[in-house]
A.B. asks: 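Below you'll find the structure I mean.
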Amino acid sequence: MLARLAWAVYLTVLLAWLVFPIALVVIASFEGDLQVSLALRQFSLDAYRAIPRGYWESFRFTVSVAALATVCSLLISVPAAWGLVRGRLPERGVVSNLVLLPDIVPQLILGIALLTVFIPLRLSNSFAGVLLALMAMNLAMGLRFSEALLSGMAEEYEQAAQSLGAGRLTVFRLIVLPMIAPGVAIAALFLFMQNLIVFELLFFIAGPRATPISILLFSDIIDRGVVPQAIGMSALLVYAGIAFYAAVAMLLGPKYLAGTLMSRKG
Amino acid sequence: MELAEGALRRRRRRQDLLFFRLCTAPALLLTLLVGIAPLALMLVQSFIDQDSEAWTARYYVDSFTSSFFTRTLMTTLAMAAGVAACAIVIGLPMAYLLARRSWARNLLMPVITVPRMLPFVVVGYAMILLLAPMTGVLNKLLVDWGILAAPLFILFDWPGQALAFGYSAIVVAIGILTGVLMAVDPQLEDAAVSLGASRLRGFFTVTLPLGMPGVIAAGALIFTAVTTAYSIPVMLAGRVPYMISIVVATNLLTLEQPHLAYAQAVVVSVIAVAATAFAQIVLSRYGRQ
C-alpha cells in the first residue's frame with residue numbers, strides 16, 4: 001500500500017516536472033502576457049501576431065539550413081558507410097572513429113575552433129559556414145546510423161545482382177538504396193530535428209546575416225528580457241517538437257524512441 | 001593460366017578498394033577540413049603567444065594559477081557530477097517502470113520524448129515563467145497561499161541553473177536507462193523474488209547491476225553536456241560566473257584574449273573527452289565480463 005502511494009506521488013511529481021515547460025510556454029503564448037495566470041481568463045493570439053519579421057526570417061533560415069545540411073550529410077555518409085562496410089577497407093576502424101570525432105568533442109569547443117578558421121575564410125556569419133558546421137556534426141550521426149543499417153542487411157542480394165552482371169553503381173542504386181531507404185528516412189528526421197535546435201555549435205559562428213532561431217531567441221532574452229513574441233516563437237518550437245514525436249511514433253511505433261541514444265549537448 | 005587468373009583477381013580487388021575508398025573520400029575530406037583541422041589549429045594556437053608569436057605554455061600556466069579559473073572549473077565539474085548523479089537517481093524508477101510495463105511506455109513516451117526536442121532556450125524561458133522572483137507562477141502561488149513570506153530568489157543563481165540542467169538531464173537519463181533496462185531479462189528478477197527476495201532487493205541485486213552500462217553511459221553523456229553548456233548559464237547567470245563556458249566565451253569575445261580562450265577550451269575538451277573515453281573503457285570491460 002505504502003509502495004503504491006510512493007509510486008503514485010513519484011509519478012505525479014515527475015510527470016508534472018517534465019510537462020511544466022511545455023504547458024507554461026503554451027499557456028503563456030495564448031495569454032499574450034508575461035505573467036502566466038493559471039485562471040486562463042484571457043485567450044488571445046496576440047503573442048503569435050506579434051512575432052516580428054526578423055523571427056520569421058530566422059525561422060526560415062533555420063529550417064532551410066537544417067534541411068540542406070541533413071540532405072547533404074546523408075548524401076555523403078550513406079556511400080561512405082557502404083564503402084566502409086561492404087568494401088572491407090583495412091582502414092575502416094580509423095576512418096569511422098575519425099568521422100565520429102566532431103561528435104565526441106563538445107559542440108561549444110568545436111564552435112570556437114570553427115570560428116578561428118572561418119573568420120579568415122569569411123565563412124563566419126554566412127549560410128555556407130553554418131551549413132558546413134552542421135554537416136560536420138551530422139556526418140558522425142549519419143555514418144553511425146547507416147553503418148548499423150548496412151551491417152544488419154544481408155549481402156547476398158548485392159552479390160546476386162553482381163553475379164548477374166550489374167555494376168557497382170547499379171547495385172547501389174537498385175538494391176542498396178531501396179533496402180535502406182526507410183532507415184535513412186528516420187535518420188534524416190532525427191538529424192533535421194537536431195539541426196533545428198542546435199545551439200552551442202553555432203553560437204560563435206552565427207551573426208546578423210545567419211541567425212538560427214534558437215540563437216535569436218537567446219540573444220533577445222539577454223538584451224531585452226522575456227518578450228511576448230519570443231514566447232510565441234518558443235511555442236511554435238514546442239509544436240515542432242510534438243510534430244516530430246508524432247511523425248516518428250507513426251513511422252515506428254512509440255517503443256522505438258526508448259533506446260535511441262540521441263546525444264543532446266547543451 | 002593460373003598465374004594470370006591470380007593477377008586478374010588482385011587487379012579486381014585493387015579496383016574495388018579504389019572504388020570503395022572513393023565512396024568514403026567526401027566524408028573523410030569534410031571531417032578533416034571542418035572538424036579535425038580547426039581543432040588541431042586551435043590546439044597549436046593555444047601554445048603560441050598572441051603578441052610575440054613565440055611558442056609558450058603560459059596560457060595554460062596562467063589558467064591554472066588563476067584562482068578564478070580553477071574555482072569556476074571546480075564549481076562546473078561539481079555541478080555536472082551532481083546533476084548527472086541526481087538525474088540518474090530520479091530517472092531510474094521511471095525508466096524501470098517504462099521498461100517493464102508496456103502500457104506505461106505507450107502512455108508516457110510522448111512526455112519523455114517531446115522535452116528532448118525542445119531547444120534549451122525554450123527550457124530557459126519556461127524556467128523564468130515558473131520561477132522568476134516577481135512574476136513566476138510558482139513564486140506567486142507560494143506567496144499567495146502563505147507558504148512563503150517573500151518570493152524565492154533562486155532562479156538567477158546556481159540552484160536555478162541546476163534545476164534547468166536537471167530538467168534536460170532527467171529526460172536523457174530516462175531515455176537511455178529505459179533502453180538498457182528493457183534489454184535485461186525480467187525473468188532473472190522474478191527468479192530472485194520467487195527465491196524469497198523482496199522486489200526492491202531483487203531490483204538492486206539483479207536488475208541494476210545488469211543495467212549498469214546504461215547508468216555509466218547516461219552519466220558520461222550528462223556530465224559532458226553540462227560541463228560545456230552555454231545557453232542556460234548565460235540566461236540564468238548570477239553576478240559571479242558559475243560555469244566554465246562563460247569564462248571561455250568572455251575571454252574569446254569581450255576580453256580579446258583568444259589564445260587564452262583556446263587554452264581553456266582545450267582544458268575543457270580534454271575533460272569532456274576523458275569522461276567519454278572513461279565511460280567507453282568501463283563499458284567494454286563490462287562487455288567482456
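Reminder, nothing fancy here: chain letters follow the sequence lines and each chain counts from 1.
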A.B. asks: If you take all heavy atoms of A/Phe204 and B/Ala249, which pair is closest and at what distance?
C.D. replies: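 A/Phe204 and B/Ala249 have their closest heavy atoms at CZ-CB, 4.0 Å.
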A.B. asks: Can you see which heavy atom on B/Pro93 is nearest to which on A/Trp7, and at what distance?
C.D. replies: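 So the two residues come closest at O-CH2, 3.4 Å.
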A.B. asks: Only pairs of heavy atoms separated by less than 4.5 Å count here; which of B/Val266, B/Val171, B/Val122, B/Leu108 has the most with chain A?
C.D. replies: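 The option with the most such pairs is B/Val122.
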A.B. asks: Contact part of B/Leu41 toward chain A, heavy-atom cut-off under 4.5 Å: side chain, backbone, both or neither?
C.D. replies: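 Looking at B/Leu41, just its side chain touches chain A.
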A.B. asks: Taking the inter-plane angle between the rings of B/Tyr230 and A/Phe199 on a 0 to 90° scale, is it parallel (under 30°), tilted (30 to 60°) or perpendicular (over 60°)?
C.D. replies: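 Parallel: the ring planes of B/Tyr230 and A/Phe199 meet at under 30°.
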A.B. asks: So, do A/Ile215 and B/Val121 sit near enough that their side-chain heavy atoms are less than 4.5 Å apart?
C.D. replies: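 No, their side chains stay 4.5 Å or more apart.
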A.B. asks: Set out, in order, the CA-CA distance, both residues' side-chain angles and the distance that settles side-chain contact (heavy atoms from CB on, under 4.5 Å) for A/Ile197 and B/Phe120, then state yes or no.
C.D. replies: CA-CA 8 Å; A/Ile197 61 177; B/Phe120 284 93; over 6 Å; no
A.B. asks: Please flag which part of A/Leu143 lies under 4.5 Å from any non-hydrogen atom of chain B: side chain, backbone, both or neither.
C.D. replies: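 Neither part, no heavy atoms under 4.5 Å.
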A.B. asks: Which atom names give the shortest non-hydrogen contact between B/Val34 and A/Phe118, and what distance separates them?
C.D. replies: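 Shortest heavy-atom separation between B/Val34 and A/Phe118 comes out as CG1-CZ, 4.5 Å.
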A.B. asks: Side chain, backbone, both or neither: which part of B/Ile170 has an atom under 4.5 Å from a heavy atom of chain A?
C.D. replies: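 B/Ile170 touches chain A through side-chain heavy atoms alone.
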A.B. asks: How far apart are the closest heavy atoms of A/Pro106 and B/Thr228, and which atoms are they?
C.D. replies: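 Nearest pair, atom of A/Pro106 first, then B/Thr228: CB-CG2, 3.3 Å.
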A.B. asks: Measure across A/Pro102 and B/Gly35 and return the closest heavy-atom pair with its distance rounded to 0.1 Å.
C.D. replies: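 Looks like CG-CA, 4.3 Å.
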A.B. asks: When rounded to the nearest 0.5 angstrom, what is the spacing between CG in A/Leu108 and OG1 in B/Thr224?
C.D. replies: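 That separation rounds to 12.0 Å.
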A.B. asks: Counting heavy-atom pairs closer than 4.5 Å to chain A, which one of B/Val234, B/Val123, B/Leu22 comes out on top?
C.D. replies: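 Counting heavy-atom pairs under 4.5 Å, the top option is B/Val234.
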A.B. asks: Just give me the residue among B/Leu252, B/Ile222, B/Leu177 that pairs up with chain A most often, heavy atom to heavy atom, under 4.5 Å.
C.D. replies: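 So the answer, after comparing B/Leu252, B/Ile222, B/Leu177, is B/Leu252.
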A.B. asks: So, do A/Val99 and B/Thr24 sit near enough that their side-chain heavy atoms are less than 4.5 Å apart?
C.D. replies: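 A side-chain contact is absent here, since even the closest heavy-atom pair is not under 4.5 Å.
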A.B. asks: In a table with atom names and distances, give each donor-acceptor pair under 3.5 Å that connects a side chain of residues 8-27 of chain A to protein atoms at least two apart or in another chain.
C.D. replies:
{"residue": "A/Tyr10", "atom": "OH", "partner": "B/Ile90", "partner atom": "O", "Å": "2.4"}
{"residue": "A/Tyr10", "atom": "OH", "partner": "B/Met94", "partner atom": "N", "Å": "2.9"}
{"residue": "A/Thr12", "atom": "OG1", "partner": "A/Ala8", "partner atom": "O", "Å": "2.5"}

A.B. asks: Tell me which of these, B/Gly166, B/Gly214, B/Ala265, has more heavy-atom pairs under 4.5 Å with chain A than the rest.
C.D. replies: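 Greatest number of close heavy-atom pairs with chain A: B/Ala265.
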A.B. asks: Heavy-atom distances under 4.5 Å only: say whether B/Phe19 touches chain A with side chain, backbone, both or neither.
C.D. replies: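 Only the side chain of B/Phe19 comes within 4.5 Å of chain A.
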A.B. asks: Just verifying a value: how many Å separate B/Leu118 CG and A/Ser214 OG, rounded to the nearest 0.5 Å?
C.D. replies: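 Nearest 0.5 Å value for the CG-OG distance: 12.0 Å.
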A.B. asks: If I measure from the heavy atoms of chain B, does A/Ile109 come under 4.5 Å with its side chain, its backbone, both, or neither?
C.D. replies: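 When you check distances to chain B, atoms from both the backbone and side chain of A/Ile109 fall under 4.5 Å.
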A.B. asks: Within a 6.0 Å radius of atom OH on A/Tyr239, are there more than 12 heavy atoms belonging to other residues, nucleotides or ligands?
C.D. replies: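 For A/Tyr239, atom OH is crowded (more than 12 foreign heavy atoms under 6.0 Å).
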A.B. asks: What part of B/Ile36 lies closer than 4.5 angstrom to a heavy atom of chain A: side chain, backbone, both or neither?
C.D. replies: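 B/Ile36 touches chain A through side-chain heavy atoms alone.
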A.B. asks: Enter the distance from A/Ile112:CD1 to B/Tyr262:OH here, rounded to the nearest 0.5 Å.
C.D. replies: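 Reported value, rounded in 0.5 Å steps: 8.5 Å.
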A.B. asks: Rounded to the nearest 0.5 Å, how far does CE of B/Met42 lie from CG of A/Leu114?
C.D. replies: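 Interatomic distance, A/Leu114 CG to B/Met42 CE, rounded to 0.5 Å: 9.5 Å.
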A.B. asks: Under a 4.5 Å cut-off applied to non-hydrogen side-chain atoms, are B/Thr31 and A/Val95 in contact?
C.D. replies: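 They are not in side-chain contact.
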A.B. asks: Examine whether an atom of A/Met135 lies under 4.5 Å from a heavy atom of chain B, and if so say whether it belongs to the side chain, the backbone or both; otherwise answer neither.
C.D. replies: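 Interface part for A/Met135: both.
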A.B. asks: Counting only heavy atoms closer than 4.5 Å, note whether A/Leu84 contacts chain B via side chain, backbone, both or neither.
C.D. replies: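 Both the backbone and the side chain of A/Leu84 come within 4.5 Å of chain B.
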A.B. asks: How long is the gap from OG1 on B/Thr276 to CG on A/Leu100, to the nearest 0.5 Å?
C.D. replies: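 Between B/Thr276 OG1 and A/Leu100 CG, I get 12.0 Å after rounding to 0.5 Å.
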